Amino acid sequence: MEVLEIGLVLMALLFLFLGAGLWVALSLFAVGIIGLEFFSGAQTGPVMATTAWSSIATWSLAPLPLFIWMGEILFRSRLSEDMFTGLAPWLNKLPGRLLHVNILGCGIFAAVSGSSAATAATIGRMSIPELRKQGYADKLILGTLAGSGTLGLLIPPSIILIVYGVSAELSIARLFIAGVLPGVMLIVMFMGFVMIWATIHKDKMPPAAPGIPFMDKVRASGRLIPVILLITAVIGSIYGGVATPTEAAAFGVVGALILSGFSRTLNWASFVDGLMGATRTSCMICFILAGASILTVAMGFTGIPRELAGLISDMNLSPYALLAMLTLFFIVMGCFLDGISVVVLTTSVILPMVQAAHIDLLWFGIYVVLVVEMSQITPPVGFNLFVLQGLTGKNLFSIALAALPFFFLLMAAVALITIFPGIATWLPTQMN
């Protein structure tokens, strides 16, 4: 059997297992074992044992459970309430007013949770009832939440960037810092769209609330400021070379525990719940990574990545044409799988093509995250759409329609970092 035919067989088996409802990690393990056993001369047992262990026994993954735990601690505090009461007074005079709370709130919580679905759910649970009560249109409420929730994948400390960094053998610190400017750019683009929409449709906006004195605004933000300072310290320590991602993550956990203690939301039950939540999520990601490493090695033994890279090379595609093809591919994949699964499933096959096209792997990591963000708000399996459907009971496709402008904004962001790659690569070059 030809190498590419073997690849098609393995891909068909993978989609068969996934379609049957088998866990992503088990599907990866199964296809990897079949590839090793039937399409290579390797000894399956020893290869599996050494590969699975080496894929997760790495210091690069050490920040993962710590950052997840930091997010779990703050998630169980009153952070979402603090964000609404702390941000609302400052945004009341902007066109679009409290709709910006969704965008900035998601941006801040993204830096805490590292998860797109958790960001949309947490901010949505707090803001949807309040914005509806004040007369804001559902279309803009849901659209801003669906679009801004995707920031959880990009703004550091991003879980998916850790997974990509481990898969591509890149510096996690540099990837984190590479995500800062694109994340800020997206927040500005989202807020700009809301301001333009609100200026054009003034009749559809509720009246502004009466202004409050400056010191009252500061007092309203009192509990939010320490969280922002903690996030700034964590990311700043990595950028300045003061701490490694693992050390910064440990600092973040201690800081989150202290803040949770001061806000009186830390007790034994919340501590255990946060620890167990972080353990479950970390184990799930490590299980997927181990399965992906088995499949990667199996593909290496069959020669599929080498053949695909050669095929792409023979097609003489320009880097832009290759990126256009990959954008479509990632959007389709993201319609059926979560972002982490998309990255670990495709890295072994895609990266040889990307390297053959002389595309910077650091830049490509930010590109992948932006494209996967687009898939989070596209039906039929956009995870953010499901989250908002659960919160509101609205039809899935009506939520997707509300999120459509933000899908196009994400597409514009992909175009911008492609035309101006320095948006993603400049900050990492300035690191100590």
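In this text the structure is predicted, and so the values were computed from the model without any measurement. These values consider heavy atoms only, across backbone and side chains, with no hydrogens, waters or symmetry-generated copies.
A 4.5 Å side-chain heavy-atom check between Met195 and His100 finds at least one atom pair inside the cut-off. Side chains of Val31 and Ile294 form no contact here, defined as non-hydrogen atoms less than 4.5 Å apart. Between Leu13 and Val9 the shortest side-chain heavy-atom distance falls below 4.5 Å. Side-chain contact between Trp363 and Thr418 is present, with heavy atoms from C-beta onward closer than 4.5 Å. No side-chain heavy atom of Thr244 sits under 4.5 Å from any side-chain heavy atom of Ile238. At least one side-chain heavy atom of Pro405 sits under 4.5 Å from a side-chain heavy atom of Phe193. Within the 4.5 Å cutoff, the side chain of Cys283 has heavy atoms near those of the Thr279 side chain. Side-chain contact between Val234 and Phe67 is present, with at least one heavy-atom pair separated by less than 4.5 Å.
Taking the six-membered ring where tryptophan is involved, the planes of Phe287 and Phe29 are tilted, since the angle between them lies from 30° to 60°.
A donor atom on one side chain and an acceptor atom on the other are found under 3.5 Å apart for Asn267 and Ser270.
Looking at residues two or more places apart in sequence or on another chain, you find no ring pair (Phe, Tyr, Trp, His ring centres under 6.0 Å) involving Tyr136. For the side-chain hydrogen bond (donor to acceptor under 3.5 Å, both in side chains) test, no residue two or more places apart in sequence or in another chain qualifies with Gln43.
Here the side chain of Thr429 pairs a donor or acceptor atom with the backbone of Trp426 at under 3.5 angstrom. With Thr51 contributing its side chain and Val47 its backbone, the two residues share a donor-acceptor pair below 3.5 Å.
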request  = Go through the steps to decide whether Phe251 and Leu230 satisfy the test side-chain contact (heavy atoms from CB on, under 4.5 Å), and finish with yes or no.
outcome  = CA-CA 9 Å; Phe251 171 77; Leu230 174 63; 4.1 Å; yes

key: Stepwise side-chain contact (heavy atoms from CB on, under 4.5 Å) check, Phe406 with Leu410   = CA-CA 6 Å; Phe406 296 89; Leu410 284 165; 5.6 Å; no

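Taking all atoms of both residues into account, the shortest heavy-atom contact from Val242 to Glu247 is O-OE1, 4.3 Å. Considering every non-hydrogen atom in both Ala250 and Leu66, the closest pair reads N-CD1, 4.0 Å. Scanning all heavy atoms of the two residues, the minimum distance from Ile73 to Ala256 falls at CG2-O, 3.6 Å. Annotation for Ala278 and Pro65: closest pair CB-O, 4.2 Å, computed over non-hydrogen atoms. Closest non-hydrogen pair, Ala30 versus Phe17, comes out as CB-CE1, 3.7 Å. Between Ala403 and Ala146, the closest heavy-atom pair is CB-CB, 3.7 Å.
Atoms CD and CZ, from Glu72 and Arg280 in turn, are 8.0 Å apart once rounded to the nearest 0.5 Å. In this structure, the separation between CG on Leu409 and CD on Glu373 is 12.0 Å, given to the nearest 0.5 Å. Of the inter-residue distances, the one linking Gln355 atom CD with Asp360 atom CG reads 10.5 Å to the nearest 0.5 angstrom. Atom CD1 of Ile225 is separated from atom OG1 of Thr232 by 11.0 Å, given to the nearest 0.5 angstrom. Going from atom CD1 of Ile141 over to atom CG of Leu145 covers 8.0 Å, rounded to the nearest 0.5 Å.
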Atom pairs and distances, side-chain donor-acceptor, residues 321-333, under 3.5 Å, sequence neighbours left out:
residue: Thr327; atom: OG1; partner: Leu323; partner atom: O; Å: 2.7
residue: Thr327; atom: OG1; partner: Tyr367; partner atom: OH; Å: 2.7

Taking only distance into account, with no hydrogens and no angle test, what donor-acceptor pairs under 3.5 Å do side-chain atoms of residues 160-189 form with protein atoms, sequence neighbours excluded?
residue: Tyr164; atom: OH; partner: Leu361; partner atom: O; Å: 2.8
residue: Ser167; atom: OG; partner: Val163; partner atom: O; Å: 2.9
residue: Ser171; atom: OG; partner: Ala173; partner atom: N; Å: 3.4
residue: Ser171; atom: OG; partner: Arg174; partner atom: N; Å: 3.1
residue: Arg174; atom: NH1; partner: Pro428; partner atom: O; Å: 3.3

Under 3.5 Å, side-chain donor or acceptor atoms of residues 147-154 against the rest of the protein: list the pairs with distances, not counting sequence neighbours.
residue: Ser148; atom: OG; partner: Thr144; partner atom: O; Å: 2.8
residue: Thr150; atom: OG1; partner: Gly147; partner atom: O; Å: 2.5

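Listed by first and then second residue, the salt bridge (charged side-chain N to carboxylate O under 4.0 Å, His left out) pairs involving residues 386-400 are Asp138-Lys394 (not counting sequence neighbours).
Screening Asn102, Leu131, Ile399 against Leu142 for a side-chain contact (heavy atoms from CB on, under 4.5 Å) leaves a single residue, Ile399.
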